[in-house]
**Student:** 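Sending over a structure as structure tokens; questions will come in a sec.
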Amino acid sequence: VELLVGAKLDHLALNKSFAKMTKPKQKAVLNFIRVTPGADGWSLAKINFVMNKKGTPQDFDAWQKFRPLSKVVDYKWFKKYGPNRDKYILYSDYTRMAEYCGHDMKEDYWKYPKSIKKAHDKAMKQYKLVIEAEEIAAKKAKAKEARAKERNFKKFAGAFSKSVSMACGLVAYIPQTFGKVSDHAIALHQCLTYADYTGKMAKRDCLLVFISDVA
């Protein structure tokens, strides 16, 4: 650390990534700085970028200028598509839909499409089909659940089909169908269906008892 500070490389002396490097790699970085004019003021990321021959210092600066609003974009993406923010917005939408459709966005085929526009349009069609399929499946599941709920309701209510009490001109009875409960709730502005008391009764968590005039 003292050596780096003495060489006016404080940013490396306090850099955790540099500290974790092997000694040969640290030595390579220091040799690179020694033979490269201006490199002593570069960040470690910039040094590695140029050392690994990804591009020129100017390429790195252009990429970094683009990145603040596009942090998920790696240099390979930037090099392929350039500093076009409209493309990045389209690409972000594309990756979201493609990933939702089950595509592995770590694979280069999906991560770096030849044409962002064509890839986006294709992903959007797939996305719509997936959403439609999910909606159909959800409706089927909901209908199946409703049928099962009504069967359980009728089965439980049926056990009380003869449990009718009459007194003082009133009759107390157990509703035998969802329809009876719904009609009752609408007529009296009750929340029996909205609060899913029919579902609770289907699970045998409660028992609905209605009272009405004998007539």
Side-chain angles (χ1 to χ4, degrees), residues 1-139 141:
V1 172
E2 290 179 356
L3 181 63
L4 292 171
V5 172
K8 297 183 179 180
L9 297 175
D10 303 46
H11 61 294
L12 290 183
L14 302 175
N15 190 298
K16 293 181 179 180
S17 296
F18 183 79
K20 291 179 181 179
M21 284 182 168
T22 60
K23 287 186 177 181
K25 287 185 178 181
Q26 289 179 339
K27 186 176 180 180
V29 169
L30 295 176
N31 284 335
F32 177 84
I33 293 174
R34 182 172 57 82
V35 299
T36 307
D40 55 343
W42 294 359
S43 66
L44 181 60
K46 185 173 182 177
I47 292 171
N48 284 327
F49 179 89
V50 178
M51 277 184 61
N52 295 329
K53 302 186 186 308
K54 286 185 177 181
T56 66
Q58 293 74 24
D59 292 333
F60 181 85
D61 293 339
W63 176 36
Q64 294 305 299
K65 186 177 179 180
F66 180 77
R67 285 188 72 195
L69 297 178
S70 318
K71 293 183 179 180
V72 299
V73 174
D74 56 26
Y75 180 70
K76 186 175 180 179
W77 188 97
F78 180 79
K79 186 177 180 180
K80 183 176 177 65
Y81 304 116
N84 187 321
R85 298 199 180 281
D86 290 336
K87 280 189 177 181
Y88 170 71
I89 293 171
L90 202 64
Y91 178 80
S92 297
D93 200 32
Y94 153 72
T95 54
R96 177 184 61 81
M97 293 187 295
E99 189 170 15
Y100 191 91
C101 291
H103 300 306
D104 185 358
M105 300 313 295
K106 292 181 180 180
E107 293 182 3
D108 283 3
Y109 178 82
W110 299 107
K111 193 172 184 179
Y112 308 110
K114 292 181 179 180
S115 168
I116 292 179
K117 179 66 170 62
K118 289 181 179 179
H120 175 273
D121 293 346
K122 184 178 179 180
M124 185 165 62
K125 290 179 181 179
Q126 292 180 339
Y127 180 76
K128 286 182 178 179
L129 291 175
V130 170
I131 294 297
E132 288 174 2
E134 289 179 347
E135 289 176 348
I136 291 172
K139 286 180 180 178

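Along the sequence shown, residues are numbered consecutively beginning with 1.
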**Student:** Is it true that Asp121 and Lys117 have a side-chain N and a carboxylate O under 4.0 angstrom from each other?
**Tutor:**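 Yes.
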
**Student:** Write down the atom of Ala123, the atom of Cys101, and the distance for their closest heavy-atom approach.
**Tutor:**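 For Ala123 versus Cys101, the nearest heavy atoms are O-SG, 4.4 Å.
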
**Student:** Checking Lys27 now: which residues fulfil side chain to side chain donor-acceptor pair (under 3.5 Å) with it, not counting sequence neighbours?
**Tutor:** none

**Student:** Sequence neighbours left out, what pairs pass side-chain hydrogen bond (donor to acceptor under 3.5 Å, both in side chains) with at least one residue falling in residues 128-137?
**Tutor:**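 Residue pairs with at least one partner in residues 128-137: Tyr100-Glu134.
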
**Student:** Will you find, in the side chains of Asp93 and Tyr88, an N or O donor that is under 3.5 Å from an N or O acceptor?
**Tutor:** no

**Student:** Taking all non-hydrogen atoms of both residues, which atom of Val50 and which atom of Pro57 are closest, and how far apart?
**Tutor:** CG2-N, 3.9 Å

**Student:** Measure the CD1-CE distance between Ile131 and Met97 for me, rounded to the nearest 0.5 Å.
**Tutor:**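 Going from the CD1 atom of Ile131 to the CE atom of Met97 covers 10.5 Å.
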
**Student:** Might you work through the side-chain contact (heavy atoms from CB on, under 4.5 Å) test for Glu99 and Trp110, ending with a clear yes or no?
**Tutor:** CA-CA 9 Å; Glu99 189 170 15; Trp110 299 107; over 6 Å; no

**Student:** Evaluate the ring planes of Phe60 and Trp63, with Trp represented by its six-membered ring, and classify them as parallel (under 30°), tilted (30 to 60°) or perpendicular (over 60°).
**Tutor:** perpendicular

**Student:** Given the rule in the side-chain contact (heavy atoms from CB on, under 4.5 Å) test, do Tyr81 and Leu90 qualify, once you have shown the distances and angles that lead to the verdict?
**Tutor:** CA-CA 12 Å; Tyr81 304 116; Leu90 202 64; over 6 Å; no

**Student:** For Tyr91 and Asn84, run side chain to side chain donor-acceptor pair (under 3.5 Å): C-alpha distance rounded to whole Å, both residues' side-chain angles, the deciding distance at 0.1 Å, then the answer.
**Tutor:** CA-CA 11 Å; Tyr91 178 80; Asn84 187 321; over 6 Å; no

**Student:** Can you tell me how far the OH atom of Tyr75 sits from the NZ atom of Lys80, to the nearest 0.5 Å?
**Tutor:**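 Nearest 0.5 Å value for the OH-NZ distance: 13.5 Å.
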
**Student:** Starting at CE of Met105, measure out to CZ of Arg96 and round the result to the nearest 0.5 Å.
**Tutor:** 12.0 Å

**Student:** Using the ring of Trp42 (Phe, Tyr or Trp, six-membered ring only), decide whether Lys46 places NZ or CZ under 6.0 Å from its centre and within 45 degrees of its axis.
**Tutor:**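 Flagged: Lys46 positioned over aromatic ring of Trp42.
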
**Student:** If we only count heavy atoms from C-beta on, is the Phe18 to Asn48 side-chain gap below 4.5 Å?
**Tutor:** no

**Student:** Does the pair Lys111/Asp104 count as a salt bridge with the N-to-O cut at 4.0 Å?
**Tutor:** no

**Student:** Without swapping roles, check the side chain of Asn52 against the backbone of Lys54 for a donor-acceptor pair under 3.5 Å.
**Tutor:**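 No, Asn52 side chain to Lys54 backbone: no donor-acceptor pair under 3.5 Å.
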
**Student:** Can you check whether Thr36 reaches Met51 side chain to side chain, under 4.5 Å on heavy atoms?
**Tutor:** no

**Student:** Rounded to the nearest 0.5 Å, what separates atom CD1 in Ile116 from atom OG1 in Thr95?
**Tutor:**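 The distance works out to 10.0 Å.
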
**Student:** For Arg85 and Phe66, what are the C-alpha separation, side-chain angles and deciding distance, and is it a side-chain contact (heavy atoms from CB on, under 4.5 Å)?
**Tutor:** CA-CA 8 Å; Arg85 298 199 180 281; Phe66 180 77; 3.5 Å; yes

**Student:** Any salt bridge between Asp59 and Lys79, counting N to O under 4.0 Å?
**Tutor:** no

**Student:** Does this structure show an ion pair linking Lys76 with Asp108, if we count only N-O contacts that are shorter than 4.0 Å?
**Tutor:** yes

**Student:** Got a second to check how far Lys87's NZ is from Tyr94's OH, nearest 0.5 Å?
**Tutor:** 14.0 Å

**Student:** Using side-chain heavy atoms (C-beta onward) and a distance below 4.5 Å, is Ile33 in contact with Val29?
**Tutor:**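 Yes. Closest side-chain heavy atoms under 4.5 Å.
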
**Student:** Taking all non-hydrogen atoms of both residues into account, name the closest pair between Trp77 and Gly82 and its distance.
**Tutor:**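 It is CZ3-O, 3.9 Å.
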
**Student:** Is a side-chain N or O of Gln126 found less than 3.5 angstrom from the main chain of Ala98, in a donor-acceptor match?
**Tutor:** no

**Student:** Taking all atoms of both residues into account, what is the closest heavy-atom pair of Ala39 and Phe32, and its distance?
**Tutor:**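 It is CB-CE2, 4.1 Å.
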
**Student:** To the closest 0.5 Å, what do you measure between NE2 (His120) and NZ (Lys125)?
**Tutor:**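 Reported value, rounded in 0.5 Å steps: 12.0 Å.
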
